[in-house]
Structures are given as C-alpha cells and as structure tokens.
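Scroll down for the structure; my scribbles are underneath it.
Both counts, for ligands and for their atoms, begin at 1 and track the order of listing. Note that the numbering runs from 1 along the sequence shown for the chain. Values reported hereafter were calculated over all heavy atoms of this structure, with side chains retained and with hydrogens, waters and symmetry mates removed.
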Amino acid sequence: MAEEAHSQVIDQVVQEALNQANVSETDLSAVAVTIGPGLSLCLRVGVQKARKTAGSFNLPIIGVHHMEAHALVARLVERELQFPFMALLISGGHNLLILAQGLGQYIQLGTSIDDAIGEAYDKTAKWLGLDMRRSGGPAIEELAQEGDAESIKFSIPMKQHKDCNFSYAGLKTQVRLAIESKNINAEIPISCASSQDRRSRADIAASFQRVAVLHLEERCQRAIQWALKIEPSIKHLVVSGGVASNQYVRARLDQVVKKNSLQLVCPPPSLCTDNGVMVAWTGIEHFRMGRFDPPPPAVESEDFVYDLRPRWPLGEEYAEGRSEARSLRKARIHPSLTSIIQASLQQQH
Ligand code: KG4
Ligand code: ZN
C-alpha cells in the first residue's frame, strides 16, 4: 500500500514542486534523492523518478541520507551554523543523537533501541481515540494542554542505562495499561467523549508527553557532556525531525541547552517534518564538495540494480557510549555514510 501510494503521486508531486518554484527541469543543476534509510519499496519509487529525470536532462545525481537531511536543513535556516555541532533527530522511525564534525562526518552518540518517540506519540493518539488526520503527534500536543501532566506516574525509560540511547517500547506499554485501567474506548472519538472521559484522556496525553520528553532531556544532557569532551568548541544543538515541531519539546530542550550555555537551532515545523527542501539542501551541500554521481543513461537498462539502503547508519558509534542494552540486529546493515566518505577520501590521497 505504501509503495502504491508513492507511485500514484510521485509525478504530480515533482511537477507541483517545479511549478511552485517556477522552474523547469532544464533549469536544474542536479537531482538529489533519498536512498535510505527507509522502506526499500518506497525508496525505489523516488530513486526511479530521480534517475529518470536526471537521465532525461543529463543531470548529475546525489544520493541522500534521510537523517542527514533532517540535520543539515538547520544550516539552510541558520546560516551561522558551522561544524562541529550536535543534533537530536526525532521522527517516526528514528531517534538519533549525533555529533556532526563536518559534512558527512558524524559520530553517533545514541540511537533508538526499539520504537522511536514519534511512533509512541502516534500509538498513544490512536489508543486515546484522537483525530489522526494530521498524524498523532499534533493531536497529543493539543490535548495535553488540557491535562495534568503529574497525574499519572509513568516511569522514565532506561534510567539505569547511563548512555544516550532511547527506548519508547516500555513507555508505550505503560500508556496502554493506563488507558485500559481507565476504561477508555478508542472507538468513541474524543469529540464524542463525556467531559470526565475527555479529562482522563487529556491527563494521559499530558503525563505521557512529560515523560517522553524527560527521556529526551536526560539523553541530551548526557550527550552534551560527551560531545564537549570530543569537540569542546561546540556551540549549537540542532533539534529536527517531525517531533521537533512540538512546542513543548522545543521549550523543554531549550532549557537543557541554555543550562549548558549552548544555543538551540530548531527549523520551522514545515522543515522539521519530512519535506523535499531538506533533501535538496543536503544535495547542494554534497554537490558543492564534488560528491555526486554522473548523469544516468537516458534509458536505464532493464536489469539495473538500484542502490537502496533501507538500513543505513549515519555515522560510527561513539566507542565509550556503546551499551550492552543494545540488541540491534546487525544483519544487512549498510556501511555508515561517514565510513563510506572516509574510505573514498583515503583513496584520493
Ligand atoms: O520526520 P517525520 O516527518 O517522518 C519520519 O521520518 O518519520 O516524523 C513524523 C513523526 C510522526 O510520528 C508524527 O506523529 C510526529 O513526527 N510529529 C509530532 C508532531 N508533529 C509531527 N510529534 C509530536 N508533536 C508534534 N507536534
Ligand atoms: Zn523524517
């Protein structure tokens, strides 16, 4: 279904983007496209379209890492933002804490060992019977404003693990149990709930959000200490990805960042949630450094194998931060972006 949804709209979406920018393909200098991480079925739709466009108009092509794009778009918004900087990337599929030392040079300080925070927002919203038309995150954020965030004592994930990794599977279970114990029926949409029912849903939303974000705060605090040991000149923490459009998340993280005398850089919501601008911008950054592939042939051969990277780490793990709690499947993981770039630099020398 996801693949079909992508295939159905890809041509129209690209055409609309060109129209809105008031350009045609002949005005382009290159084509950038996400090649991972993500569902390969969906990645393929984008890569096919990008290669077709690049092939027809003789344009170089740049394969982009989705999470790098979430981080680098901050440099489009904040032109002062120089390397090295830190980034917390929070979306539906990934949580990442990275130290960006240069373009394509990342140290992974922490990652999600199970569900990402956005997934926990989406499930909580679904179980609370919220309107999911815009996705669950904004619905929880709105409802949480009516609730008492102290009313339910969810425990903060991974307290005993003194690292920078994230886990939201346990919090999700705690939320599900709380919803069951309050006899909330997700079949009854919140718009039809009694005022008492609405109140208890809002309490759960607020309590969930408080603890979900406390987990981010703790991880960021530790990651800042680690990062300053590696790169004492760091001035900025970038927060990006869909969940970074949340005002409560921004406000709480701003406090953590200020306490450490750093500055928060958070792109506007339209550039935090998945968008094409971030991919184009990351393409520009790499293009300027000479990192691109030559134009594909105008007609691709039938047996061409697309370079798709469904499981593709951004950087190498910070050695001191490696945790035994990690149970990540390592099979079929592509070498990290950073290790690929380092290998190619060594070849040039
Ligand atoms: O980065 P993104 O657009 O797509 C992925 O790469 O996953 O992130 C989507 C996630 C969804 O889980 C959505 O619920 C969450 O971002 N999200 C929010 C908010 N807006 C979007 N979560 C919390 N509060 C929001 N305001
Ligand atoms: Zn994303």
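Here Asp122 has side-chain heavy atoms under 4.0 Å from ligand 1, and that is the only part of it that gets that close. At a heavy-atom cutoff of 4.0 Å, ligand 1 is contacted by the side chain of His66 but not by its backbone.
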List, one per line, each side-chain donor-acceptor pair under 3.5 Å for residues 235-244, sequence neighbours excluded.
residue : atom : partner : partner atom : Å
Lys235  : NZ   : Ser233  : O            : 3.1
Ser240  : OG   : His70   : O            : 2.8

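Ligand-side atoms of ligand 1 in range of Gly118: 12 (O), range being under 4.0 angstrom from any heavy atom. Against a heavy-atom cut-off of under 4.0 Å, His70 is close to the following atoms of ligand 1: 1 (O), 6 (O). Distances below 4.0 Å separate heavy atoms of Gly93 from the following atoms of ligand 1: 7 (O).
Between the side chain of Asn260 and the backbone N or O of Val257, no donor-acceptor pair lies under 3.5 Å. Side-chain N or O atoms of Gln174 include one that pairs as donor or acceptor with a backbone N or O of Ser155 at under 3.5 Å.
For atom 21 (C) of ligand 1, the closest heavy atom belonging to the protein is Gly242 O, 3.4 Å. With hydrogens left out, the protein atom closest to atom 24 (N) of ligand 1 is Asn246 ND2, 3.0 Å, a heavy atom. In this structure, the protein non-hydrogen atom closest to atom 10 (C) of ligand 1 is Gly92 N, 3.6 Å. Of the protein's heavy atoms, Gly137 CA, 3.3 Å lies nearest to atom 22 (N) of ligand 1. Protein heavy atom nearest atom 5 (C) of ligand 1, with residue, atom name and distance: Asp274 OD2, 3.4 Å.
Ring pair Phe166/His215 is perpendicular by interplanar angle, where above 60° counts as perpendicular and below 30° as parallel.
Note: no N/O pair closer than 3.5 Å links Thr273 and ligand 1 by distance alone. Geometrically, ligand 1 and Ile90 share no nitrogen or oxygen pair separated by less than 3.5 Å. At least one N or O atom of Glu141 sits closer than 3.5 Å to an N or O atom of ligand 1. Every N/O-N/O distance between Gly241 and ligand 1 stays at or above 3.5 Å.
No option in Lys258, Arg252, Arg250 other than Lys258 meets the salt bridge (charged side-chain N to carboxylate O under 4.0 Å, His left out) test with Asp254.
More than 12 heavy atoms of other shown residues, nucleotides or ligands fall within 6.0 angstrom of atom CD in Gln160.
Residue Ile179 holds its CD1 atom at 11.0 Å from NZ of Lys126, rounded to the nearest 0.5 Å.
Across all their heavy atoms, Arg201 and Gly129 have their closest contact at NH1-CA, 3.9 Å.
Under a 4.0 angstrom heavy-atom cut-off, His94 registers as lying outside contact with ligand 1.
For the Zn ion (ligand 2), protein N, O or S atoms closer than 2.8 Å were enumerated as His66 NE2, His70 NE2, Asp274 OD1, with waters left out.
Residues Ser336 and Thr338 have side chains that never bring a donor and an acceptor to within less than 3.5 angstrom of each other.
The pair Arg222-Glu218 does not count as a salt bridge, with every side-chain nitrogen at least 4.0 angstrom from each carboxylate oxygen.
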Exercise. Please report the C-alpha distance between Glu146 and Arg199 in whole Å, then the side-chain angles of each, then the deciding distance to 0.1 Å, and finally whether the salt bridge (charged side-chain N to carboxylate O under 4.0 Å, His left out) criterion is met.
Key: CA-CA 7 Å; Glu146 298 171 25; Arg199 175 78 209 195; over 6 Å; no

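Hydrophobic clustering (side-chain heavy atoms under 4.5 Å, transitive across Ile, Leu, Val, Met, Phe, Trp, Tyr) keeps Leu18 apart from Ile61.
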